[in-house]
Asker: 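For reference, the structure I am asking about is given below.
Heavy-atom basis, side chains included; hydrogens, waters and symmetry copies ignored.
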Amino acid sequence: MCNFRDVGGYAAMDGRTVRWQRLYRADSLGSLADDDLTAFRALRVRNVIDLRHPFEVDKHGRVPETEGQLYHNLPIEGRRWDIATYTEQLGVARFLADRYLEVAEDGVGNLRTALETIARADNAPVVVHCAAGKDRTGILTALVLSLTGVSQDDIVADYALTGLATERFTADWRRRHGDAELWPGFGLAPADTMRFFLADLTSRHGSVERYVTQVLGLSADAIAELRAHLLTEPAAKG
């Protein structure tokens, strides 16, 4: 693994904080072995949400079935990316943000199911992952953090942390595929990508929460449960 991390620690609504060890984000778990597998077992993960297509799971493997977690394969990407439409003038961040908006339109059913799974307190800890832990995982994580009241700046910063794994991810890809040409944005997570995406989603639907409730159809009860277990207790009033 190159990009596994806890989503906890961010300041959220009402002076509360996103709790640690409830939600993790990751790249593919199909190659878990040795020290990585030992560390993963120590987290006592209950649910794994795999956002990849079934053909990706078949080709690259899934979290080891012997680990005892509930496994959910919930692909959210509809239209395949047409890298040929990328231009330097458009830029990596704008190209990626446009693809993310497509996912938000195409992946409605499975995005709702993923959020409902994360919302249930007895499902935690949950790991959300895709191939690189960047695009599909970044979208779902941004929706969760938005619902908990984390600031846009912190959501953008959380997304951009994937850039720390880009070199390792690219090296691993070249080890498996040789010197095949990569598109200029391969493995990159420029902060403006998430900033553009959140702005586009808000412009189209009024707010991220309105998108989640009106388009995805996530219930108010599910949102309340998500907040109740992902956030620390409110500070006592003196």
Side-chain angles (χ1 to χ4, degrees), residues 1-29 39-40 43 45 47-52 74 76-77 92-101 103-104 107 111 114-115 117-119 124-170 185-202 207-209 211-212 216 218 223 226-227 229-232:
M1 292 186 298
C2 302
N3 192 21
F4 190 108
R5 61 184 189 270
D6 197 322
V7 181
Y10 292 109
M13 58 177 56
D14 303 324
R16 301 160 79 180
T17 302
V18 180
R19 292 177 61 188
W20 297 102
Q21 298 179 327
R22 304 296 285 177
L23 179 64
Y24 301 93
R25 56 179 295 172
D27 53 327
S28 176
L29 302 179
F40 181 79
L43 298 177
V45 170
N47 282 263
V48 173
I49 297 174
D50 185 344
L51 302 175
R52 297 174 300 164
L74 300 173
I76 59 173
E77 184 182 73
V92 171
R94 183 68 265 171
F95 177 85
L96 290 174
D98 289 346
R99 304 292 77 73
Y100 293 5
L101 199 60
V103 171
L111 280 168
L115 287 172
T117 302
I118 294 167
V126 175
V127 174
V128 174
H129 81 91
C130 52
K134 176 174 78 77
D135 304 310
R136 291 164 285 188
T137 298
I139 292 167
L140 180 55
T141 301
L143 296 180
V144 173
L145 293 179
S146 291
L147 290 175
T148 62
V150 172
S151 72
Q152 178 176 295
D153 285 346
D154 281 344
I155 294 171
V156 168
D158 179 77
Y159 168 82
L161 282 174
T162 289
L164 299 175
T166 297
E167 185 175 346
R168 283 176 293 163
F169 182 69
T170 303
F186 182 85
L188 298 183
D192 276 345
T193 301
M194 185 54 64
R195 202 177 302 280
F196 291 158
F197 168 64
L198 293 174
D200 292 345
L201 205 61
T202 298
S207 69
V208 174
E209 185 164 343
Y211 161 76
V212 168
L216 300 188
L218 191 68
I223 293 174
L226 182 148
R227 290 170 176 165
H229 88 86
L230 282 185
L231 296 178
T232 58

Asker: To the nearest 0.5 Å, what is the distance between CG (Leu230) and CG (Leu23)?
Answerer: 6.5 Å

Asker: Please test Asp135 against Glu77 for side-chain contact (heavy atoms from CB on, under 4.5 Å), starting from the C-alpha separation and ending with a verdict.
Answerer: CA-CA 10 Å; Asp135 304 310; Glu77 184 182 73; over 6 Å; no

Asker: Look up atom CG in Asp98 and atom CG in Asp200, then write down how far apart they are to the nearest 0.5 Å.
Answerer: 7.0 Å

Asker: Measure across Asp27 and His129 and return the closest heavy-atom pair with its distance rounded to 0.1 Å.
Answerer: O-CB, 3.4 Å

Asker: Quick check against the 3.5 Å criterion: does Thr170 have a side-chain atom that pairs as donor or acceptor with the backbone of Glu167?
Answerer: no

Asker: When you compare the side chain of Leu140 with that of Leu51, does any pair of heavy atoms fall below 4.5 Å?
Answerer: yes

Asker: With a 4.5 Å cut-off on side-chain heavy atoms, are Leu231 and Val18 touching?
Answerer: yes

Asker: Using the test ring pair (Phe, Tyr, Trp, His ring centres under 6.0 Å), find all partners of Tyr24 that sit at least two apart in sequence or belong to another chain.
Answerer: Phe4

Asker: Taking the side chain as everything from C-beta on, heavy atoms only, tell me whether Leu96 gets closer than 4.5 Å to Lys134.
Answerer: yes

Asker: Begin with the C-alpha distance, continue with both residues' side-chain angles, and end with the deciding distance and a verdict on side-chain contact (heavy atoms from CB on, under 4.5 Å) for Tyr211 and Leu143.
Answerer: CA-CA 9 Å; Tyr211 161 76; Leu143 296 180; 4.1 Å; yes

Asker: Is there a donor-acceptor contact under 3.5 Å from the side chain of Asn3 to the main chain of Ala132?
Answerer: yes

Asker: Quickly, which of Leu29, Asp50, Leu43 forms a side chain to side chain contact (heavy atoms under 4.5 Å, CB included) with Val127? Name it, please.
Answerer: Leu29

Asker: Measure from the side-chain N and O atoms of Arg227 to the backbone N and O of Leu147, and report whether any donor-acceptor pair falls under 3.5 Å.
Answerer: yes

Asker: Locate the shortest heavy-atom distance separating Thr137 from Ala26; write the atom from each residue and the value.
Answerer: OG1-O, 3.8 Å

Asker: Just how far is it from atom CG of Leu164 to atom CZ of Phe169, taken to the nearest 0.5 Å?
Answerer: 15.0 Å

Asker: Kindly compute the distance separating OG1 (Thr148) from CD1 (Ile223), expressed to the nearest 0.5 Å.
Answerer: 11.5 Å

Asker: Identify the two heavy atoms, one from Ile155 and one from Val150, that lie closest to each other, and give their separation to 0.1 Å.
Answerer: CD1-O, 3.6 Å

Asker: So which atom in Gly133 and which in Cys130 form the shortest heavy-atom distance, rounded to 0.1 Å?
Answerer: N-SG, 3.3 Å

Asker: Under the 3.5 angstrom rule, does the side chain of Arg168 hit a backbone N or O of Cys2 as a donor-acceptor pair?
Answerer: yes

Asker: Using atom types as modelled, flag every donor-acceptor pair under 3.5 Å from a side chain in residues 188-198 to any protein atom, sequence neighbours excluded.
Answerer:
| unit_1 | atom_1 | unit_2 | atom_2 | d |
| --- | --- | --- | --- | --- |
| Thr193 | OG1 | Pro190 | O | 3.1 |
| Arg195 | NH1 | Asp153 | OD1 | 3.2 |

Asker: Where is the tightest heavy-atom contact between Val208 and Ser146, given as atom of each residue plus distance?
Answerer: CG1-CB, 3.6 Å

Asker: In Å, rounded to the nearest 0.5 Å, how long is the span from CZ of Phe186 to OG1 of Thr166?
Answerer: 9.5 Å

Asker: Which heavy atom of Leu115 sits nearest to which heavy atom of Leu216, and what is that distance?
Answerer: CD1-CD1, 3.7 Å

Asker: Determine whether Leu161 and Arg5 make a side-chain contact, defined as any pair of heavy atoms from C-beta on separated by less than 4.5 Å.
Answerer: yes

Asker: Would the distance check show the side chain of His229 and the main-chain N or O of Ile118 forming a donor-acceptor pair, the cut-off being under 3.5 Å?
Answerer: yes

Asker: Between Arg16 and Thr232, is there a donor-acceptor pair closer than 3.5 Å when you use the side chain of the first and the backbone of the second?
Answerer: yes

Asker: With sequence neighbours excluded, what pairs up with Tyr10 under the ring pair (Phe, Tyr, Trp, His ring centres under 6.0 Å) test?
Answerer: none

